[in-house]
Amino acid sequence: MKCAEKEFKKNDKADYSNPTLGLTPVRKRIRAENYSRPTHRTVYNGVLLLTLPDQVPEENLLIACFSGGCRMSVRTRFAPSPTGFLHIGGARTALFCQLHTRRLGGTFILRIEDTDRERSTQQAVDAILDGLHWLGLDPDEGPFFQSDNTPLYLAAAQRLLEEGKAYRCTCSKESIDALRESQREQQIKPRYDGRCRDRHDQPTDQPYVIRFRTPSEGSTAWEDQIQGTIRFPNDELDDLVLVRSDGSPTYNLAVVVDDHNMGITLVLRGEDHISNTPRQIHLFQALGWPVPEYAHMPLLHGSDGSKLSKRHGAVSVLQYREDGFLPDALNNYLVRLGWSHGEQELFTRQEMQTLFDVRQVGRSAAIFNLSKLLWINGNHIRTATPQQLLPELIYQLAKRGIQQPDPQWLLQVIPEFQTRAKTLVEMADKCLFLFAESVLPYEEKAAQKHFYTANVQSIIALHDGLQQLPEWQAAAIEACFRQVVADLQLEMGQLAQPVRVALTGTASSPGIHETLFLLGRERALRRLQEAVSLLPNNK
RNA sequence: GUCCCCAUCGUCUAGUGGCCUAGGACGCCGGCCUCUCACGCCGGCAACACGGGUUCGACUCCCGUUGGGGACGCCA
């Protein structure tokens with residue numbers, strides 16, 4: 001994109017001769033500088049296209065195209081349909097697409113497949129964009145919208161029609177539904193029987209769809225980068241609809257035209273698209289275009305072994321942010337589903353980008369496993385810097401009503417919890433006692449076990465010792481604490497545990513000295529006093 | 001039903017004919033460390049779906065069976 005735009009200068013002459021563009025001939029030759037109003041800019045295959053979306057396609061489909069002279073060698077695309085949020089399966093596909101281009105210095109493209117105008121929503125587009133962004137999967141080019149390219153698809157269909165490679169079909173939807181129904185009853189594969197395929201009239205006075213004349217003999221095969229050789233007998237395939245009766249293009253047509261125009265070299269997608277592939281290869285061949293390479297990745301399954309769906313808790317990837325996961329931890333988890341590198345489990349983004357090779361991806365489906373994700377997330381939390389964790393922790397604290405905590409202080413808090421939390425949610429929950437006005441009432445079990453049996457004198461001694469500390473510093477606090485333990489001939493635990501309950505209300509926390517320090521002198525002393533007042537004043 | 005794909009511990013995986021009495025990781029269990037909780041460390045349980053071939057030799061190659069998944073739309 002950058003290359004092509006750099007190449008574009010206002011006074012450049014339009015180049016209409018680029019053979020890689022499978023477009024209808026340009027009717028009007030218009031120089032770009034004649035256009036003062038905004039044109040639609042789309043980059044295809046390193047070539048900048050300027051089009052006017054509001055123009056009748058036949059009139060001027062392509063206003064100007066400028067040869068970029070710079071072709072990326074490797075180009076992949078992630079092509080979601082905007083009918084819902086980005087879930088973890090889609091995220092994995094996008095990740096693989098991006099990783100494939102990273103090692104090879106290629107380009108990762110986002111294309112929104114919104115040819116089904118009824119089901120596509122702007123809300124879903126935004127959700128997908130947000131999800132990708134959070135995961136660091138922003139595209140190098142795009143997002144492109146198929147709805148902007150309708151004229152291109154229709155032009156391709158028109159050409160196939162003119163060349164006899166497609167035909168008009170006037171079968172009603174009802175009659176075809178009935179056909180499929182009866183085929184199902186006969187237990188044969190439901191498919192269009194081609195009843196309009198050989199009629200010589202091409203009626204345009206009644207509603208029709210444009211169907212592709214699928215080769216009826218031979219077979220279609222490709223060398224899948226993940227699955228190996230896949231072969232389909234052509235007689236398994238029926239004549240697919242390219243253009244609907246309302247004049248809108250369908251998925252398979254749009255995909256082929258875009259994949260060609262965008263110079264996609266590797267179509268990397270879920271294996272639920274395997275059965276579309278022979279149809280798309282036919283279209284490439286019919287249009288006289290080179291066929292890209294394919295890689296179909298195994299699907300992600302839910303715990304019952306079927307395709308991941310909402311009932312398996314397949315939620316938006318952004319839910320993982322809410323749940324306290326780090327984007328790279330999620331990426332790390334996802335990349336290990338179907339791919340491995342020796343015995344390494346933990347990968348940084350950088351490592352994934354240099355090591356990932358789509359040809360090493362396994363062929364069998366994987367089941368989503370939360371506990372492994374948690375473990376990986378815990379590792380990423382531990383290896384992150386406090387600075388990196390800071391915004392996410394603040395975000396989680398805000399959800400708990402903690403407004404504008406002191407970031408400098410939080411940077412001291414975070415290291416104490418990095419080994420103790422598998423998610424940021426857990427971290428926020430565990431450090432909440434630091435913010436509370438009071439930790440009363442104490443957790444029942446903790447109080448029973450450590451608090452009521454405590455030695456009041458020792459707590460008083462600690463309180464007084466700490467109170468006299470000239471400076472509230474970690475080392476001084478520890479020395480003071482140890483002094484009290486030694487003076488009263490106690491075990492560490494005999495003092496640390498009741499103090500811990502007093503400070504946190506629970507039986508677990510970071511080290512007791514660190515906890516005292518983080519709490520600050522004022523709050524620490526107040527909580528110790530509070531504890532003393534609650535204990536039976538004997539001994 | 002038809003076509004396509006898949007098949008190693010519960011889960012993610014290593015394994016490309018002898019290095020495998022199958023390795024690692026998560027989880028689980030036991031222990032160590034220890035002021036608690038974690039982290040870390042040590043140990044344990046646990047798998048080649050089944051049946052035929054091919055071969056001196058199969059987890060690895062071939063065929064079949066079974067099981068699982070996917071696709072069969074004027075959805076993508």
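Note that this is a predicted model, so its numbers are computed, not measured. In the text below, chain A, chain B and the rest are named by the order of the sequence lines, each starting its count at 1.
Atom-to-atom, CZ of A:Arg184 to P of B:A71 comes out at 12 Å; the value is rounded to the nearest Å. At whole-Å resolution of the value, CE in A:Met297 and P in B:C6 are 16 Å apart. In this entry the distance linking CD of A:Gln344 with P of B:G24 reads 17 Å, nearest Å. Distance CG (A:Leu179) to C1' (B:C74): 14 Å, rounded to an integer number of Å. Going from atom OH of A:Tyr333 over to atom P of B:C12 covers 8 Å, rounded to whole Å. Going from atom CG of A:Asp238 over to atom P of B:A71 covers 16 Å, rounded to whole Å. Residue A:Glu236 contributes atom CD, which lies 16 Å from atom P of B:A71 at whole-angstrom precision. In this structure, A:Arg363 places its CZ atom 17 Å from C1' of B:C12, rounding to the nearest Å.
Nucleotide B:A22: unpaired (no Watson-Crick or G-U wobble partner with both distances less than 3.5 Å). With a cut-off of 3.5 Å on both Watson-Crick or G-U wobble distances, the partner of B:C9 is given as none. Figure legend. B:C28 is base-paired to B:G44; pairs are counted as Watson-Crick or G-U wobble with both atom distances under 3.5 Å. Judged by Watson-Crick or G-U wobble contacts below 3.5 Å, the nucleotide B:C61 has B:G53 as its partner. Pair check for B:C35 finds none; no Watson-Crick or G-U wobble contact set falls under 3.5 Å.
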Residues A:Thr220, A:Asn234; criterion side-chain hydrogen bond (donor to acceptor under 3.5 Å, both in side chains); working and verdict: CA-CA 6 Å; A:Thr220 302; A:Asn234 287 339; 2.6 Å; yes
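With respect to the salt-bridge test (charged N to carboxylate O, under 4.0 angstrom), the residues A:Arg363 and A:Glu271 do not qualify. A salt bridge links A:Arg111 with A:Asp259: the distance from a Lys NZ or Arg NE/NH1/NH2 to an Asp or Glu carboxylate oxygen falls below 4.0 Å.
Rounded to whole Å, the separation between the C1' atoms of B:C48 and B:G67 comes to 16 Å. B:G15 and B:U60 have their P atoms separated by 15 Å, with the value rounded to a whole Å. A distance of about 30 Å separates the C1' atoms of B:U11 and B:C33, rounded to the whole Å. Straight-line distance between the P atoms of B:U2 and B:C45: roughly 45 Å, to the nearest whole Å. The gap from the C1' atom of B:C28 to that of B:U16 amounts to 33 Å, rounded to the nearest Å. If you take atom C1' in B:A49 and the same atom in B:G69, they sit 16 Å apart, rounded to whole Å. Between the P atoms of B:G10 and B:C50, the separation comes to 13 Å (whole Å). Atom name C1', nucleotides B:G51 and B:A46: the rounded distance is 25 Å, in whole Å.
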Heavy-atom protein contacts under 4.0 Å, nucleotides 25-45 of chain B, coded B base, S sugar-phosphate only, - none: BSS-------BBBBSS-----
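For the 3.5 Å distance criterion, the side chains of A:Asp114 and A:Ser147 qualify, holding a donor opposite an acceptor.
Evaluated for a side chain to side chain donor-acceptor pair (under 3.5 Å) with A:Asp239, the options A:Arg197, A:Arg279, A:Arg213 yield exactly one hit, A:Arg197. The side-chain contact (heavy atoms from CB on, under 4.5 Å) test with A:Tyr294 is passed by exactly one of A:Ile274, A:Ile230, A:Ile281: A:Ile281. Applying ring-ring contact (aromatic ring centres under 6.0 Å, His included) to A:Tyr333 and the options A:Phe368, A:Phe325, A:Trp375 leaves one that passes, A:Phe368.
The side chain of A:Val241 sits closest to B:C74 out of B:C6, B:A76, B:C74. Set against B:A7, B:C5, B:A71, the side chain of A:Asp272 has B:A71 as its closest nucleotide. With B:A76, B:C3, B:G73 as the choices, the nucleotide that has an atom nearest any side-chain atom of A:Pro233 turns out to be B:C3. Side-chain atoms of A:Tyr251 lie closest to B:A76 of the nucleotides B:A71, B:A76, B:G73.
Among the protein residues, A:Ser248 comes within range of no part of the nucleic acid, since none of its heavy atoms lies under 4.0 Å from any strand. Counting any heavy atom pair closer than 4.0 Å across all strands shown, A:Asp177 reaches no nucleic acid atom. When heavy atoms are screened at a 4.0 angstrom cut-off, A:His273 is found touching base atoms of the nucleic acid. If you check every strand for non-hydrogen atoms under 4.0 Å, A:Leu299 touches sugar and phosphate atoms only. Nucleic acid contact for A:Ser340: sugar-phosphate only, since backbone atoms but no base atoms lie under 4.0 Å from a heavy atom of the residue.
Checked against the 6.0 Å centroid threshold, A:His273 and A:Tyr251 count as a close aromatic pair.
The nearest heavy atom of RNA chain B to A:Thr229 and to A:Cys169 marks one nucleotide each, and the one closer to the 5' end goes with A:Thr229.
A:Val267 is not listed as a side-chain neighbour of A:Val255, based on a closest heavy-atom distance of 4.5 Å or more.
Listed by first and then second residue, the salt bridge (Lys or Arg N to Asp or Glu O under 4.0 Å) pairs involving residues 492-513 of chain A amount to none (not counting sequence neighbours).
Applying the 4.0 Å criterion to OP1 and OP2 of B:A14, one finds that A:Arg336 has every side-chain N and O outside that range.
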